[in-house]
2 protein chains.
Amino acid sequence: MLERIPAYTDAMLDETGTLSDRVYRHLADRLIAGRFAPGDKLSLRAVSEALGLSIMPVREAVSRLAAEGALEVAPKKAVTVPLMRAAQFRDITQVRVEIEGFAAALACKTATPESLAEIEAREREFRELSEQPQADLAQAVAANQAFHFAVYRAAGSAELLAIIERLWLRVGPIINLDLRENPERLRLGGAVQAHRACLLAIREGRAEAAREAIASDIGGASAFILSRQRLLD
Amino acid sequence: MLERIPAYTDAMLDETGTLSDRVYRHLADRLIAGRFAPGDKLSLRAVSEALGLSIMPVREAVSRLAAEGALEVAPKKAVTVPLMRAAQFRDITQVRVEIEGFAAALACKTATPESLAEIEAREREFRELSEQPQADLAQAVAANQAFHFAVYRAAGSAELLAIIERLWLRVGPIINLDLRENPERLRLGGAVQAHRACLLAIREGRAEAAREAIASDIGGASAFILSRQRLLD
DNA sequence: TGCCGCAATCTGTGATCACAGTTAGCTTCC
DNA sequence: GGAAGCTAACTGTGATCACAGATTGCGGCA
C-alpha cells in the first residue's frame with residue numbers, strides 16, 4: 001500500500017522518459033512532500049553528483065521547476081526553495097480555494113464508481129493515520145495529498161489537475177514545515193472532518209457542498225499556518 | 001501606442017535577464033500572439049541560429065515551455081506546437097471560463113481608478129479595431145489579449161495571472177489560427193459586446209456580471225472554433 | 001513508372017569545459 | 001580579541017562536442 005503513495009517512491013528509479021524528466025519528477029515529488037524547507041539551498045552540481053549524473057539533466061529539471069515558481073534561481077547564486085510572504089500565501093490560498101473547490105464540485109458530476117472507491121479508500125487511510133496518537137507526519141502528509149488528488153482526478157480534467165499540481169508544488173514546502181512544527185494540528189481533526197464532508201458530498205452529488213468542504217479544508221489549514229508560522233512580513 | 005502591445009515587441013531585444021529568459025519570453029509571446037500554428041515544427045538549432053545564439057538558451061526555454069504544455073518535445077524528434085483534440089479544447093475552455101471568470105469577478109472588488117482606466121483604454125482600442133472593415137487580424141488579436149490581461153491584472157493576484165498566462169500560451173495558436181481562417185468572426189461583434197459588458201460590470205462593481213461577460217466571451221469564441229475548426233477528432 | 005531501401009541529414013539528449021559573478025572562510029592588520 | 005579585506009571555492013550560464021534515434025529524399029530495382 002505504501003508504495004502507492006508518492007512520497008515513498010523515487011522517480012529516479014523508474015526508467016521511463018529522459019533523465020531530465022526523471023530528475024524533474026524526483027525533485028517535484030520531494031517538493032510536494034515537503035522534503036525541502038522554504039529557504040533551503042541546493043546546487044546543481046551537488047544534486048547531479050548525488051544522483052550520479054552530469055549537471056545537464058538537473059539543470060533542465062531545475063529550470064522547469066523555476067518556471068513554475070517551485071524553485072528560485074538567480075544568476076550565479078544558489079538555487080533556493082522560495083520563501084513566501086504572508087500576502088503571497090494569502091493570494092495562493094484564495095486561488096487554491098477557487099480552483100480546487102471547482103475541481104471538487106466538478107468531481108460530483110463526473111465521479112465514477114471506481115474513482116469514488118478510490119476517494120473512499122484514501123479518506124479512510126488518512127483518517128486512520130490521523131487518529132493514531134503517534135502519527136508519522138510524512139506519511140500523514142502523503143495520505144492527505146493522496147486524498148485530495150483522488151478527488152481532483154475524479155473531476156476528469158487534465159488541465160485542472162496540472163494546474164493544481166503546480167499549486168501544490170509551491171505550497172508543499174510551507175504546509176509541511178508547518179505540520180512539522182505544529183504536529184498537534186493533525187490531531188485536531190479539522191482536515192479529517194473536511195475530507196469526510198467532501199466524500200459524502202461527492203457520493204451524493206452535492207457539488208456546492210463538496211466545494212465548501214474543500215474550501216474549508218484549505219482555508220482552515222491556511223489560517224492556522226498564517227497564525228502560527230513566521231512567514232516573511 | 002503599438003509598442004505597448006506584446007505582439008509587436010520582441011523579448012530578445014530587451015537586455016534584462018539571462019539569454020534563456022529572453023528566448024523564453026520571445027517564444028512565449030509568439031505563441032500567445034498565434035505566430036505559430038498547431039502542428040508547426042521548430043528545431044533547437046534553427047531557432048538558435050536565427051537568434052544568433054548557441055542552442056543552450058533555446059534548449060532551456062523550450063524545455064520550460066514544454067513543461068507548461070505550450071510545446072511538445074519527444075526525444076529525438078522535432079519540437080512541435082501541440083495539436084489539440086476537441087475534447088481537450090473543451091476541457092481547457094471549461095477551465096478558462098472558471099478561472100478567467102473568477103479573475104474578472106475579483107477585479108470588480110480590487111480595481112483601482114488606474115486599472116479601470118487601463119481597461120477602458122484597451123476596450124476602446126479593441127472596439128475601434130474591430131469596427132474597421134479591413135481590420136489587421138494580428139493587431140486585433142493583440143488588442144483582445146491586451147483587454148483581457150488588463151482585466152486580469154486588475155484582479156491583483158499574481159498567482160491567478162501566471163495561471164491564466166499559461167492557459168493562453170496553450171490556446172493562443174488555436175484561437176489565432178481560427179481567426180485567420182474565419183476573419184468574419186471579428187466583425188460579428190460578439191467579443192466587442194462581451195468586453196463592453198465586462199467593462200461596465202467592473203466599473204459598477206457587479207462581480208457576477210463581470211464573470212458572466214468573460215464566460216460568454218470565452219464560451220462564444222470556443223463554440224465558434226469547435227464548430228468551424230478541424231481540431232483532432 | 002512506381003515502390004522499396006539505404007544513406008545522408010537532422011533531431012533532441014547528455015557530458016564536459018570555460019567563464020564570470022557570488023559567497024564564505026581565512027588571514028592579516030589594527 | 002575583533003573586524004576588515006582578500007582569496008579560494010562554489011554558483012549558474014553559455015558554448016561546444018559526441019551520440020543515437022528519427023526523418024527524408026534520392027537512387028536503384030522490379
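Keep in mind that the numbers below use all heavy atoms, side chains included, and drop hydrogens, waters and symmetry copies. Quick note on labels: first sequence line is chain A, next is B, and so on, each numbered from 1.
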Report task. Return the set of residues passing ring-ring contact (aromatic ring centres under 6.0 Å, His included) with A/F102 (not counting sequence neighbours), or none when no residue passes. Result -> none
Query raised in the report: Charged N to carboxylate O below 4.0 Å: is that the case for A/E68 and A/R64?
Result: no
Please identify each residue that fulfils side chain to side chain contact (heavy atoms under 4.5 Å, CB included) with [X], with sequence neighbours left out.
| X | value |
| --- | --- |
| B/A105 | B/A207, B/R211 |
| A/S157 | A/L106, A/E159, A/L160, B/D91, B/Q94, B/V95 |
| A/P82 | A/E72 |
| B/A28 | B/Y24, B/R25, B/L65, B/L169 |

Query raised in the report: Closer to the 5' end of DNA chain C via nearest nucleotide, is it A/T18 or A/K77?
Result: A/T18
**Report entry** DNA chain C: 5'-most and 3'-most nucleotides touching chain B, 4.0 angstrom heavy-atom criterion
**Finding:** C/dT11 to C/dG14
Report task. Kindly write out the residues that satisfy side-chain hydrogen bond (donor to acceptor under 3.5 Å, both in side chains) with B/T16, not counting sequence neighbours, or none if the list is empty. Result -> none
Report summary line: Here the ring pair (Phe, Tyr, Trp, His ring centres under 6.0 Å) pairs for residues 157-182 of chain B, sequence neighbours left out, are B/H148-B/W168, B/F149-B/W168
**Report entry** side chain to side chain donor-acceptor pair (under 3.5 Å) contacts in which one or both residues fall within residues 38-47 of chain A, not counting sequence neighbours
**Finding:** none
Query raised in the report: So what does B/V79 touch, heavy atoms closer than 4.0 Å: a base, only the sugar-phosphate, or nothing?
Result: sugar-phosphate
**Report entry** Strand contacts (DNA chain D) in residues 66-76 of chain B, 4.0 angstrom heavy-atom criterion
**Finding:** B/K76
Report summary line: Expected list for residues 38-60 of chain B near DNA chain D, using heavy atoms below 4.0 Å, is B/R45, B/S54, B/M56, B/P57
Report summary line: Sequence neighbours excluded, the answer for salt bridge (Lys or Arg N to Asp or Glu O under 4.0 Å) partners of A/R185 is A/D178
